Protein chains: 2
Amino acid sequence: MQLDAFDRTLLNLVQEDCSRTAEQLAERVALSPSAIQRRLRRLREEGVITRDIAVVDPRKAGRPTFFIVGLHVEREQPKLLAELRRWLAAEPHIQQAFYVTGEADFVLVITAPDTEAYDGLMARLVTENVNVKRFTTNVALGIIKRGLTIPIPERPDA
Amino acid sequence: MQLDAFDRTLLNLVQEDCSRTAEQLAERVALSPSAIQRRLRRLREEGVITRDIAVVDPRKAGRPTFFIVGLHVEREQPKLLAELRRWLAAEPHIQQAFYVTGEADFVLVITAPDTEAYDGLMARLVTENVNVKRFTTNVALGIIKRGLTIPIPERPDA
DNA sequence: AATGAAATATAGAATAT
DNA sequence: ATATTCTATATTTCATT
């Protein structure tokens with residue numbers, strides 16, 4: 001699916017705020033509200049926009065602690081890795097998981113109400129996934145920024 | 001602000017999908033649609049819900065590369081750290097930034113259209129922030145999970 | 001004080017020009 | 001691409017507990 005300049009600015013706008021009305025978006029996109037609605041519907045149907053979510057302020061919702069975790073596996077066997085991936089994806093407290101090059105094999109961003117909960121989670125992780133060799137924990141002392149926005153250049157260059 | 005059981009389930013639901021109508025939410029929250037709307041409005045006013053955003057599929061929007069970066073600073077002086085924080089927060093390609101304990105001082109999640117763009121960004125980072133000593137890069141080979149959801153227990157335990 | 005139900009207003013979806 | 005209608009949702013108001 002090809003994205004034109006209109007699609008790209010729309011994507012940038014709804015990544016900031018998806019509660020904007022088509023009319024409000026029309027003030028910034030040189031398109032009629034109905035054209036904007038059609039495009040947004042198409043972008044969602046095509047899976048360019050995968051979902052619309054509310055972002056909650058952690059300080060006002062239980063003050064969870066954030067942990068950045070580097071995971072090291074025993075073997076790089078595809079089967080074992082796929083299993084681990086599924087496990088990570090299914091765990092609600094794991095916000096994000098990347099399979100990476102470099103020192104660690106996986107990097108995780110985890111939220112837990114407290115350190116004990118985190119310990120419990122990681123204990124389960126290592127016992128239920130024997131392929132996990134070890135992990136290194138970084139506790140977040142401060143959250144500077146937290147988002148999923150992918151900046152989309154107005155003009156395509158790919 | 002105190003969150004009761006209704007607020008908590010609502011928060012869990014809108015973190016999954018904020019495009020649900022009050023009527024749909026009412027099927028799962030034993031409240032009338034109007035009560036639900038009032039609560040959601042209050043949660044947004046109070047800043048418990050900070051914003052509503054569309055999540056874009058990176059594979060369908062330019063296939064950017066994700067980088068997980070560990071940042072090491074020269075000095076831990078509050079003034080210098082605050083400056084760096086501001087710089088990180090202002091940079092659109094930096095999706096997330098945490099100030100952490102452990103080996104690195106900051107952990108960043110960065111998206112860039114390609115490796116050159118990443119190089120350019122990091123070059124700017126180190127030249128414009130002399131307090132940055134060095135950094136370690138992990139390239140994401142695969143994204144297993146990507147979200148901002150904070151699981152909120154139905155019963156408060158804090 | 002907060003809820004539920006009915007009123008109005010607004011935005012979205014579909015159709016036609 | 002705009003204009004119009006139709007439908008659904010959100011917003012407001014009010015009575016009730």
Side-chain angles (χ1 to χ4, degrees), chain A residues 1-57 59-63 148-150 152-156, chain B residues 1-57 60-61 147-150 152-158:
Chain A
M1 183 200 183
Q2 267 308 74
L3 303 174
D4 67 11
F6 292 127
D7 293 322
R8 281 192 288 275
T9 53
L10 282 175
L11 286 173
N12 285 326
L13 290 169
V14 296
Q15 283 189 101
E16 277 174 20
D17 182 358
C18 66
S19 72
R20 287 179 170 125
T21 66
E23 202 174 335
Q24 289 173 314
L25 292 168
E27 294 168 11
R28 310 183 54 177
V29 192
L31 277 173
S32 69
S34 32
I36 289 170
Q37 289 184 352
R38 275 192 296 269
R39 278 167 183 269
L40 286 177
R41 187 158 42 82
R42 198 170 51 99
L43 290 169
R44 285 186 233 268
E45 281 170 2
E46 305 271 353
V48 181
I49 296 172
T50 54
R51 58 211 175 103
D52 294 85
I53 60 169
V55 180
V56 165
D57 184 345
R59 290 167 305 179
K60 299 195 178 172
R63 296 188 161 276
L148 298 176
T149 308
I150 295 167
I152 299 175
E154 307 284 319
R155 27 171 52 218
Chain B
M1 183 201 183
Q2 266 308 73
L3 304 174
D4 66 11
F6 292 128
D7 293 322
R8 280 191 291 274
T9 53
L10 282 176
L11 287 173
N12 285 326
L13 290 169
V14 296
Q15 282 189 103
E16 276 174 20
D17 182 358
C18 66
S19 72
R20 288 180 169 127
T21 66
E23 202 174 335
Q24 289 172 314
L25 292 168
E27 295 169 11
R28 309 183 55 177
V29 191
L31 276 174
S32 71
S34 33
I36 288 169
Q37 290 189 0
R38 272 192 297 267
R39 277 165 182 269
L40 286 177
R41 187 162 42 82
R42 198 169 50 101
L43 289 168
R44 287 185 231 270
E45 282 170 0
E46 304 271 354
V48 182
I49 296 172
T50 54
R51 58 211 175 104
D52 293 86
I53 60 168
V55 180
V56 165
D57 184 346
K60 301 197 176 171
L148 298 177
T149 308
I150 295 167
I152 299 174
E154 307 284 319
R155 26 174 50 220
D157 37 40

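Being a predicted model, the structure only gives us computed values, none of them experimental. Lettering follows sequence order; numbering is per chain, from 1.
Rounded to whole Å, atom P of dA11(C) lies 19 Å from atom CZ of Arg41(A). When the C1' atom of dT10(C) is taken as reference, atom CZ of Arg20(A) falls 19 Å away, rounded to whole Å. When rounded to the nearest whole Å, the span between CG of Asp52(A) and P of dG12(C) equals 12 Å. For the pair Arg42(B) CZ and dA2(C) P, the computed distance is 7 Å after rounding to whole Å. Taking atom CD on Glu27(A) and atom P on dA11(C), their separation rounds to 11 Å, with Å as the unit. Gln2(B) places its CD atom 18 Å from the P atom of dA1(C), with the value rounded to the nearest Å. Regarding Glu23(B), its CD atom lies at a distance of 16 Å from the P atom of dT7(D), rounded to whole Å.
Counting heavy atoms from C-beta outward, Thr149(B) and Ile53(A) have side chains that stay 4.5 Å or more apart.
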Could you walk me through whether Arg28(A) and Ile36(A) satisfy the side chain to side chain contact (heavy atoms under 4.5 Å, CB included) test, starting with their C-alpha distance in whole Å, then the side-chain angles of each, then the deciding distance to 0.1 Å, before giving a yes or no? CA-CA 11 Å; Arg28(A) 310 183 54 177; Ile36(A) 289 170; over 6 Å; no

Name each donor-acceptor pair under 3.5 Å that joins a side chain in residues 10-17 of chain B to protein atoms two or more places apart or in another chain, with its distance.
from     : atom 1 : to        : atom 2 : distance (Å)
Asn12(B) : OD1    : Ile152(B) : N      : 3.0
Asn12(B) : ND2    : Arg8(B)   : O      : 3.4
Asn12(B) : ND2    : Ile152(B) : O      : 2.7
Asn12(B) : ND2    : Glu154(B) : OE2    : 3.3
Gln15(B) : OE1    : Ile150(B) : N      : 2.8
Gln15(B) : NE2    : Ile150(B) : O      : 2.8
Glu16(B) : OE1    : Arg20(B)  : NH2    : 3.2
Asp17(B) : OD1    : Ser19(B)  : N      : 2.8
Asp17(B) : OD1    : Ser19(B)  : OG     : 2.7

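Remark: Leu31(A), Ser32(A), Ser34(A), Ala35(A), Arg38(A) in residues 28-40 of chain A come within less than 4.0 Å of DNA chain D through at least one heavy atom.
Across all their heavy atoms, Ala26(B) and Leu31(B) have their closest contact at CB-O, 3.4 Å. Listed here is the closest heavy atom pair of Asp57(B) and Gly47(A): CB-O, 3.4 Å. Between Leu148(A) and Gly147(B), the shortest heavy-atom contact is CD1-CA, 4.0 Å.
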